[in-house]
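Convention: sequence-line order gives letters A, B, ...; per-chain numbering from 1.
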2 protein chains.
Amino acid sequence: MAGSIQSLERAAAILRLLAGGERRLALSDVANALGLAKGTAHGILRTLQQEGFVEQDKDSGKYQLGAELLRLGQSYLDVHELRARALVWADDLARASGETVYLGVLHQRGVLIVHHVFRPDDTRQVLEVGSMQPLHSAALGKVLTAFDPVARAELMESEREAFTPHTVTGLDAIDAEAAVVRERGWAQAVEETWTGVASIAALIQDRRRNPVGAVALNGPVERVCTTEPNGTAGPVRPELVVSVREAARAISRDLGAPRF
Amino acid sequence: MAGSIQSLERAAAILRLLAGGERRLALSDVANALGLAKGTAHGILRTLQQEGFVEQDKDSGKYQLGAELLRLGQSYLDVHELRARALVWADDLARASGETVYLGVLHQRGVLIVHHVFRPDDTRQVLEVGSMQPLHSAALGKVLTAFDPVARAELMESEREAFTPHTVTGLDAIDAEAAVVRERGWAQAVEETWTGVASIAALIQDRRRNPVGAVALNGPVERVCTTEPNGTAGPVRPELVVSVREAARAISRDLGAPRF
DNA sequence: GAGCAGCGTCGACATTGTCGAACGACGTTT
DNA sequence: AAACGTCGTTCGACAATGTCGACGCTGCTC
């Protein structure tokens, strides 16, 4: 039996559907979307509900994700070794630079944020742990595609959306930039995913030098990039690059990576 | 077929096992713990891994929770209506009181934290969204047990651990306090779960006055409670109670609860 | 180098999930 | 107000599917 369990695959598909879709979905919506008989979909949903992965609105009868997922997601973070080691260094990086810091790992066709340090000022910010960033247009993603063959393969298969006029979507251009990233050891993305935002990222590797994640610094272009004499944005500030790379090296060292 | 799907139940049990247990579990550990044949456990784990709910360490072959759970947990929060409505009010409450604010919902035998506003000072704090608090010894839990029959039933069946010398574990005492909570409309817990910490909570209800969650304020006894002339801690400060109740009322109103 | 312990695979069996139709409740329409 | 349509849920029969235990295989330890 080299195959996988059908009912589990379907249950996972239902969960993903509920996660991606609108607020709540009716039974028939679920059944239709996945091409299942109503009875079948209902059986799976009933079990998922019993286990807490799905909740049902008593009035409308519609289904939505359940609380158990939040609890298990938290448990995932608790166990995550990379995250545990990186907490302190990410904090330091945010404090030293005054900017937002993200820690991400490759997950499917994107970068999953596993840690997020707020910019150390009082402005209101929303926690983005658990959300995804694109592989092709964010600094975190660029680092991972440059160093992780799996990430590159995923990127090649996925659709590359142009979020801003600066987004690079051509495969050749992406590969060329990846070569540069590998060469110099860090990546940047200036207004390629969010207008006005620039980011710098560096690779984190484990004791066997496998790429396991990346750390990034995000901030407004005005602060992250230098300003050319003519007033336009120039290259990113070298001292920030140094800070990010040092943070990545420190985390890698904590994970047991050889010291070079 | 009124029963539930066996393979799904087992998969859920495996996920909970991985969440509760040590960092990583070997295949045989999982199979033994659940009384499954190795082949069966392997099939389920393989599927869960394929779907991203479980990851396998390449070296040791051991299994741990997967990143997809974090992503889905985040989606749960995104969809959560109570949380969305409460964000602003919780923030206000924290700002006005200067203390930590929690938002919790009943989940299984405890209170699941779905939102957490840090105390507005610079001390380091860890986000507790996704973690659980006990029903019998935290203010959030007391409110829910007092107003939600399901919560009370869960509490009766569960083991009531005494976290501190102040924890009340007797069923009669708990029911008596629940009556008081229902009467006055709010709950307190002074050093019943964590020593040195006092909390005040009030109920949130939806448009049909069903209890859907609770909001709580947590802080050190010295700031949350009044001080008796002899120096010991007295009752909680009335003005904080007013703030918490107002926040709960505001959130309930946003959810469509009748204005009395 | 032999032993051991662990993961992964395979094939037979029957248990178990799947399907489609029918039921009952609810809300809307004619 | 009655008839219709829609939706969630239940049911029973069928066979597809997951389960089981034994067997390789690899990588450690002694």
Q. Counting side-chain heavy atoms from CB outward, which of dC19(C), dC7(C), dT19(D) is closest to A26(B)?
A. dC7(C)
Q) K38(B) side chain: which of dG8(C), dC19(C), dC20(D) is closest? A) dG8(C)
Q: Return the nearest nucleotide to the side chain of H42(B); candidates are dT9(D), dT18(C), dT9(C).
A: dT9(C)
**Q.** Distance flag, aromatic centroids of H42(A) and Y63(A), threshold under 6.0 Å
**A.** no
Q.
Expressed as a whole number of angstroms, how long is the span from D57(B):CG to dG8(C):P?
A. 12 Å
Q | Whole angstrom value for the distance that separates P of dG6(C) from NZ of K62(B) | A | 9 Å
(Q) Run the salt bridge (Lys or Arg N to Asp or Glu O under 4.0 Å) test on E51(A) and R16(B) for me, step by step, so that the C-alpha distance in whole Å, both residues' side-chain angles and the decisive distance to 0.1 Å come before the verdict. (A) CA-CA 10 Å; E51(A) 303 293 339; R16(B) 270 193 289 270; 2.4 Å; yes
Q.
Between P on dA16(D) and CD1 on I5(A), what's the gap in Å once rounded to a whole number?
A. 18 Å
**Q.** From dT18(C), dT9(D), dT19(D), nucleotide with atom closest to S7(B) side chain
**A.** dT19(D)
Q) Is a side-chain donor-acceptor pair under 3.5 Å present for E9(B) with S4(B)? A) yes
Q) Would one find a side-chain N or O of Q6(A) under 4.0 angstrom from OP1 or OP2 of dA15(D)? A) no
**Q.** Close side-chain approach of D175(B) to M156(B), heavy-atom, < 4.5 Å
**A.** yes
**Q.** Side-chain donor-acceptor contact under 3.5 Å, E68(A) with Q108(B)
**A.** yes
Q.
Side chain of R10(B) only, heavy atoms from C-beta on: which candidate in dT19(D), dG8(C), dG17(C) is closest?
A. dT19(D)
Q: Respond yes when some side-chain nitrogen or oxygen of Q49(A) is under 4.0 Å from OP1 or OP2 of dG8(D), and no when none is.
A: no
Q) Using a cut-off of 4.0 Å on non-hydrogen atoms, how would the nucleic acid contact of S28(A) be classed: base, sugar-phosphate, or nothing? A) sugar-phosphate
Q: Write down the distance between CG (L36(A)) and P (dA21(C)), rounded to a whole number of angstrom.
A: 16 Å
**Q.** Phosphate OP1/OP2 of dG17(C) contacted by R46(A) side-chain N/O (<4.0 Å)
**A.** no
Q: Could you check which of dG8(C), dG17(C), dT9(D) has an atom nearest any side-chain atom of Y63(A)?
A: dT9(D)
Q | L27(A) side-chain proximity, nearest of dG8(D), dG21(D), dC19(C) | A | dG8(D)
Q) With a non-hydrogen cut-off below 4.0 angstrom, is E9(B) in contact with a base, only sugar-phosphate, or nothing? A) nothing
